[in-house]
Amino acid sequence: MSYDPQVKQVENNIVISGVEHFDLKQTFDCGQAFRWQELSDGTWGAIVSEKYRRVGFCEGDIVIYNCDINEYEAFWKEYLDIDRDYGAIIEKLSENDILKNAANENKGIRILKQDKWETLCSFIISQNNNIPRIKAIVERLCEHFGEKLTEGYTFPTAEKIAALEPEDLSSIRAGFRARYIIDGARKFVSNEINRNLVETADIDTARNELMKIKGVGVKVADCTLLFGYNRVDALPKDVWIKRAIEQFFDGEFPSCASGFEGIAQQYLFNYIRNLYENPTK
């Protein structure tokens, strides 16, 4: 049976059926996004695209609350990567035993296509940082420089941050990252980094373009490509992934992941971290 998700408007909500590989917690809490919060009713909420929205499940269907079909087509379809057949990717990854196990344990992860500037800024903040602290810095950035909504604050625009100086960010307590955030904003706004090139060029060229920003190395560039530009051929390598590639793949990522290395990386990242943290598993 071919992958064929169905989307319909039900009262004020969008309901998506036929999407088998999507778990809210695995997707929103796997380290690719930093503003989603799990709510008491089991839904997840965040301010995205300058609006507060909740996403949940009802009888196996994905529900986007207070959303219409136009908003879904313009934003959510790409953001949630709905049109991609993750089942076919998992089947391909199953050619390698480690990736098969990793995918089967984490098959609810989908790669979000997030705002490009927010992703770049968030992963600049992520350098030498843990997830709780990244989230705290991001929230302080939003509170001080974003626009206030009833439910919280929007992510500040690159234009607003570009007009600041590093010392203006002292209130968010980002440390050495403040000057990198400012430099990233200015180069993003001025198009000193060619965003069209980042989106369309081969992965090495795209990575090098982002690395023109002070403080942006290979990992931050690859995370930006994967989570902001939906470049699923990008392969971010943190300490967990580097260790896994050496230990399980003799130093070379399996060819069965070619073209969607970033998706395989997300499965593997969560799998290998759990394996190392729970060695008897």
Chemist: Which atom pair, heavy atoms only, marks the closest approach of Cys142 to Tyr153?
Modeler: O-CB, 3.4 Å
Chemist: To the closest 0.5 Å, what do you measure between OH (Tyr72) and CD1 (Ile14)?
Modeler: 8.0 Å
Chemist: Identify whether the distance between the nearest side-chain nitrogen and carboxylate oxygen of Lys148 and Glu143 falls below 4.0 Å.
Modeler: no
Chemist: Restricting to non-hydrogen atoms, name the atom on Leu80 and the atom on Arg110 that form the minimum distance, rounded to 0.1 Å.
Modeler: O-NE, 3.2 Å
Chemist: Is Val218 close to Met211 at the side-chain level, that is, under 4.5 Å between some pair of heavy atoms?
Modeler: yes
Chemist: Side chains of Leu226 and Gln265: closer than 4.5 Å at any heavy-atom pair?
Modeler: yes
Chemist: Where the side chain of Arg53 meets the backbone of Ala46, is there a donor-acceptor pair that is under 3.5 Å apart?
Modeler: no
Chemist: Where is the tightest heavy-atom contact between Ser122 and Val138, given as atom of each residue plus distance?
Modeler: OG-CG2, 4.1 Å
Chemist: Is it true that atom CD of Glu252 has more than 12 heavy atoms of other residues, nucleotides or ligands lying nearer than 6.0 Å?
Modeler: no
Chemist: Take Gln266 and Cys30 through the test side-chain contact (heavy atoms from CB on, under 4.5 Å) and record every step on the way to the result.
Modeler: CA-CA 8 Å; Gln266 279 298 100; Cys30 68; 3.1 Å; yes
Chemist: In terms of relative ring orientation, are Tyr79 and Phe75 parallel, tilted or perpendicular, with 30° and 60° separating the classes?
Modeler: parallel
Chemist: Please check: side-chain N/O of Asn106 versus main-chain N/O of Ala102, any donor-acceptor pairing under 3.5 Å?
Modeler: yes
Chemist: Using 4.0 Å as the upper bound for N to carboxylate O, is an ion pair formed by Asp222 and Arg231?
Modeler: no
Chemist: Of all heavy-atom pairs between Arg207 and Ala221, which one has the smallest distance, and what is that distance?
Modeler: CG-CB, 3.7 Å
Chemist: Do the side chains of Ile47 and Ile134 join up, straight or via other hydrophobic residues, at under 4.5 Å, putting them in one cluster?
Modeler: no
Chemist: Considering only NZ, NE, NH1 and NH2 on the basic side and carboxylate oxygens on the acidic side, decide whether Asp168 and Lys160 come within less than 4.0 Å.
Modeler: no
Chemist: Are Leu210 and Val232 linked, directly or through other ILVMFWY residues, by side chains that come within less than 4.5 angstrom of each other?
Modeler: yes
Chemist: Would you say the side chain of Asn270 lies within less than 4.5 Å of the side chain of Glu105, judging by non-hydrogen atoms?
Modeler: no
Chemist: Nearest 0.5 Å, what's the CD1-CH2 distance between Ile64 and Trp76?
Modeler: 5.5 Å
Chemist: Could you check whether atom CG of Asn130 has more than 12 heavy atoms from other residues, nucleotides or ligands sitting under 6.0 Å from it?
Modeler: yes
Chemist: Looking at Glu78, I'd like to know if its CD atom is crowded, meaning that more than 12 non-hydrogen atoms belonging to other residues, nucleotides or ligands lie closer than 6.0 Å.
Modeler: no
Chemist: Before you tell me yes or no, could you show the steps for Ile111 and Gln32 under side-chain contact (heavy atoms from CB on, under 4.5 Å), namely the whole-Å CA-CA distance, both residues' side-chain angles and the distance that decides it to 0.1 Å?
Modeler: CA-CA 8 Å; Ile111 302 298; Gln32 64 172 315; 4.2 Å; yes
Chemist: If you define the side chain from C-beta out and look only at heavy atoms, does anything of Asp97 sit under 4.5 Å from Phe248?
Modeler: no
Chemist: Any chance you could measure Cys223, atom SG, to Gln127, atom CD, to the nearest 0.5 Å?
Modeler: 10.0 Å
Chemist: Does CD belonging to Glu20 count more than 12 external heavy atoms closer than 6.0 Å?
Modeler: no
Chemist: Mind checking whether Tyr86 and Tyr3 have ring centres under 6.0 Å apart?
Modeler: no
Chemist: Does this structure show an ion pair linking Asp183 with Lys187, if we count only N-O contacts that are shorter than 4.0 Å?
Modeler: yes
Chemist: Given a cutoff of under 4.5 Å between side-chain heavy atoms of I, L, V, M, F, W and Y, with clusters grown through shared members, what are the other residues clustered with Val63?
Modeler: Val10, Val15, Tyr65
Chemist: Salt bridge or not for Glu71 and Lys51, using N-O below 4.0 Å?
Modeler: yes
Chemist: Indicate the atoms forming the closest heavy-atom contact of Pro156 with Leu141, along with that distance.
Modeler: CG-CG, 3.7 Å
Chemist: Should the heavy atoms of other residues, nucleotides or ligands under 6.0 Å from CD of Glu91 be counted, would the total exceed 12?
Modeler: no
Chemist: Check for me, please, whether Ile161 and Val189 land in the same ILVMFWY cluster - side-chain distances under 4.5 Å, paths through other members count.
Modeler: no
Chemist: Pair Asn128, Arg177 - check side chain to side chain donor-acceptor pair (under 3.5 Å), show working.
Modeler: CA-CA 10 Å; Asn128 301 314; Arg177 304 167 192 86; over 6 Å; no
Chemist: Which distance, rounded to the nearest 0.5 Å, do you find between the NZ of Lys92 and the OG of Ser258?
Modeler: 8.5 Å
Chemist: Would you check, one step at a time, whether the test side-chain contact (heavy atoms from CB on, under 4.5 Å) holds for Asn129 with Ile137?
Modeler: CA-CA 10 Å; Asn129 231 337; Ile137 295 172; 3.6 Å; yes
Chemist: Please examine the side chains of Phe269 and Pro236, heavy atoms only from C-beta on, and report whether any two atoms are closer than 4.5 Å.
Modeler: no
Chemist: Going through the checks in order, is the side chain to side chain donor-acceptor pair (under 3.5 Å) test met by Thr43 and Arg54?
Modeler: CA-CA 6 Å; Thr43 64; Arg54 290 187 302 124; 3.3 Å; yes
Chemist: Please report the interatomic distance CD(Glu167) to CZ(Arg179), rounded to the nearest 0.5 Å.
Modeler: 12.5 Å
Chemist: Quick one: do Phe28 and Tyr52 end up in the same hydrophobic cluster if we chain Ile, Leu, Val, Met, Phe, Trp and Tyr together by side-chain heavy atoms under 4.5 Å apart?
Modeler: no
Chemist: With side chains defined as the heavy atoms from C-beta onward, is the minimum distance between Lys8 and Ile69 less than 4.5 Å?
Modeler: no
Chemist: Check the surroundings of atom NZ in Lys135: do more than 12 heavy atoms from other residues, nucleotides or ligands lie under 6.0 Å from it?
Modeler: yes
Chemist: At their closest point, which heavy atom of Thr27 faces which heavy atom of Gly108, and how far apart are they?
Modeler: OG1-O, 2.9 Å
Chemist: How about CD on Gln9, more than 12 heavy atoms from neighbouring residues, nucleotides or ligands closer than 6.0 Å, or not?
Modeler: yes
Chemist: Determine whether Leu120 and Ile213 make a side-chain contact, defined as any pair of heavy atoms from C-beta on separated by less than 4.5 Å.
Modeler: yes
Chemist: Just do the side chain to side chain donor-acceptor pair (under 3.5 Å) check on Asp202 and Thr205 with the steps written out, would you?
Modeler: CA-CA 5 Å; Asp202 65 88; Thr205 301; 2.7 Å; yes
Chemist: Does Tyr229 share a hydrophobic cluster with Leu197, counting links as ILVMFWY side-chain heavy atoms below 4.5 Å and allowing steps through other members?
Modeler: no
Chemist: Treating Gln114 as the side-chain partner and Thr119 as the backbone partner, does any N or O pair qualify as donor plus acceptor under 3.5 Å?
Modeler: no
Chemist: Would Phe145 and Leu164 count as a side-chain contact (heavy atoms from CB on, under 4.5 Å) if you check the C-alpha gap in whole Å, the side-chain angles of each, and the deciding distance to 0.1 Å?
Modeler: CA-CA 10 Å; Phe145 303 105; Leu164 303 176; 3.6 Å; yes
Chemist: Is the distance between the ring centroids of Phe34 and Phe123 less than 6.0 Å?
Modeler: yes
Chemist: Are the side chains of Lys113 and Asp81 in touch, meaning some heavy atoms are under 4.5 Å apart?
Modeler: no
Chemist: With a 4.0 Å cut-off, would you call Arg243 and Glu246 a salt bridge?
Modeler: no
Chemist: Would you say Glu147 has more than 12 foreign heavy atoms packed within less than 6.0 Å of its CD?
Modeler: no
Chemist: Quick test of your reading of the model: are Glu139 and Arg35 salt-bridged, counting only N-O distances below 4.0 Å?
Modeler: yes
Chemist: To the nearest 0.5 Å, what is the distance between CG (Asp85) and CD1 (Ile90)?
Modeler: 9.0 Å
